[in-house]
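Atoms within a ligand are numbered from 1 in the order they appear, just like the ligands themselves. Just so you know, residue 1 is the first one in the sequence shown, and it goes up from there. No hydrogens, no waters, no symmetry mates; every other heavy atom, side chains included, goes into these values. All values derive from a computational prediction rather than experimental measurement.
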Amino acid sequence: MLVLLAGIFVVHIATVIMLFVSTIANVWMVSNTGLASVGLWKNCTNNSCTDSLSYAGEDALKTVQAFMILSIIFSVISLLVFVFQLFTMEKGNRFFLSGATKLVCWLCILVGVSIYTNRYANCSAFSQSESECHHGYSYILAWICFCFSFIIGILYLVLRKK
Ligand SMILES: *[C@@H]1O[C@H](CO)[C@@H](O)[C@H](O)[C@H]1NC(C)=O
């Protein structure tokens, strides 16, 4: 049981880090040449990023940014609550509050990445010469965090403190 809790704790920290990297790295879509990429904040060519993101002011992008930031905040809160409960909660109780907070984080990722997929996960972000593209690691990390957050959230709800 202790090993399982320690494992979840490590995966939870990894999820926070991956969410952070995913949100700040501007590598959501990448041109197939690998020279150009776009993210939630900037438009990058040859590793130099500028604010020339054509859809930067759109509400949909702002919503994605907001939900990704919320997901980081809820993931961190859930981690802190878990540590707190680990030391203060009576034996036999479930980590209900950590689990519920982690599932809110999961919902935020779901909303953010869904909107991104619907609106921006296409190659129109790139110039004619770079018109072929694929998903970048930020986008993939966000989906991995989505899966991990669900599993962590459910495990917190199910596990009892021993
Ligand atoms: C990013 O910059 C390139 C060239 O600077 C431009 O062709 C492209 O349309 C820009 N993409 C977005 C989404 O602003």
Peer 1: Could you tell me whether Phe126 and ligand 1 have an N or O pair separated by under 3.5 Å?
Peer 2: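 In fact, backbone or side chain, Phe126 has no N or O that close.
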Peer 1: Take the angle between the ring planes of Trp106 and Phe150 and call it parallel below 30°, perpendicular above 60°, tilted in between.
Peer 2: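 Rings of Trp106 and Phe150: tilted, 30 to 60°.
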Peer 1: Lys161 side chain to Arg94 main-chain N or O, any donor-acceptor pair under 3.5 Å?
Peer 2: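 Such a contact is absent between Lys161 side chain and Arg94 backbone.
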Peer 1: Hey, which of Val38, Val27, Leu40 is the one that makes side-chain contact (heavy atoms from CB on, under 4.5 Å) with Ser138?
Peer 2: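 It is Val27, the one option of Val38, Val27, Leu40 that forms the side-chain contact (heavy atoms from CB on, under 4.5 Å) with Ser138.
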Peer 1: Tell me the protein heavy atom at minimum distance from atom 11 (N) of ligand 1, and give that distance in Å.
Peer 2: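 Answer, as residue, atom name and distance: Ala125 O, 2.6 Å.
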Peer 1: Report, as yes or no, whether the 6.0 Å neighbourhood of atom CZ on Phe146 holds more than 12 heavy atoms from other residues, nucleotides or ligands.
Peer 2: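 Result for CZ/Phe146: enclosed.
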Peer 1: Show the atoms of ligand 1 that are less than 4.0 angstrom away from any heavy atom in Tyr55.
Peer 2: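 The list of qualifying atoms is 13 (C).
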Peer 1: Enumerate the atoms of ligand 1 whose separation from the nearest heavy atom of Ser127 is less than 4.0 angstrom.
Peer 2: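 Matching atoms, with element in brackets: 7 (O).
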Peer 1: For atom 10 (C) of ligand 1, find the nearest protein heavy atom and state the residue, atom name and distance (0.1 Å precision).
Peer 2: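 Protein heavy atom with the smallest distance to atom 10 (C) of ligand 1: Asn43 ND2, 2.4 Å.
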Peer 1: Are the side chain of Ser71 and the backbone of Met68 linked by a donor-acceptor contact shorter than 3.5 Å?
Peer 2: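 Here the side-chain-to-backbone pair exists.
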Peer 1: Distance-only, no hydrogens or angles: does the Trp28 side chain make a donor-acceptor pair with backbone N or O of Thr23 under 3.5 Å?
Peer 2: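 Flag not set: sc Trp28 to bb Thr23 has no pair under 3.5 Å.
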Peer 1: Please check: side-chain N/O of Tyr55 versus main-chain N/O of Leu61, any donor-acceptor pairing under 3.5 Å?
Peer 2: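 No: the side chain of Tyr55 does not pair with the backbone of Leu61.
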Peer 1: Quick one: does atom 5 (O) of ligand 1 have a protein heavy atom under 4.0 Å from it?
Peer 2: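 Under the 4.0 Å cut-off, atom 5 (O) of ligand 1 has no protein heavy-atom neighbours at all.
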Peer 1: Answer yes or no: does an N/O atom from Ser52 fall short of 3.5 Å to an N/O atom of ligand 1?
Peer 2: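 Yes, there is a polar N/O contact under 3.5 Å.
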Peer 1: Under a 4.0 angstrom heavy-atom cut-off, which atoms of ligand 1 come close to Leu53?
Peer 2: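 Numbered from 1, ligand 1 contributes 13 (C), 14 (O).
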Peer 1: Between Ser54 and ligand 1, does any nitrogen or oxygen pair lie at a separation below 3.5 Å?
Peer 2: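 Yes, since at least one N or O of Ser54 sits under 3.5 Å from an N or O of ligand 1.
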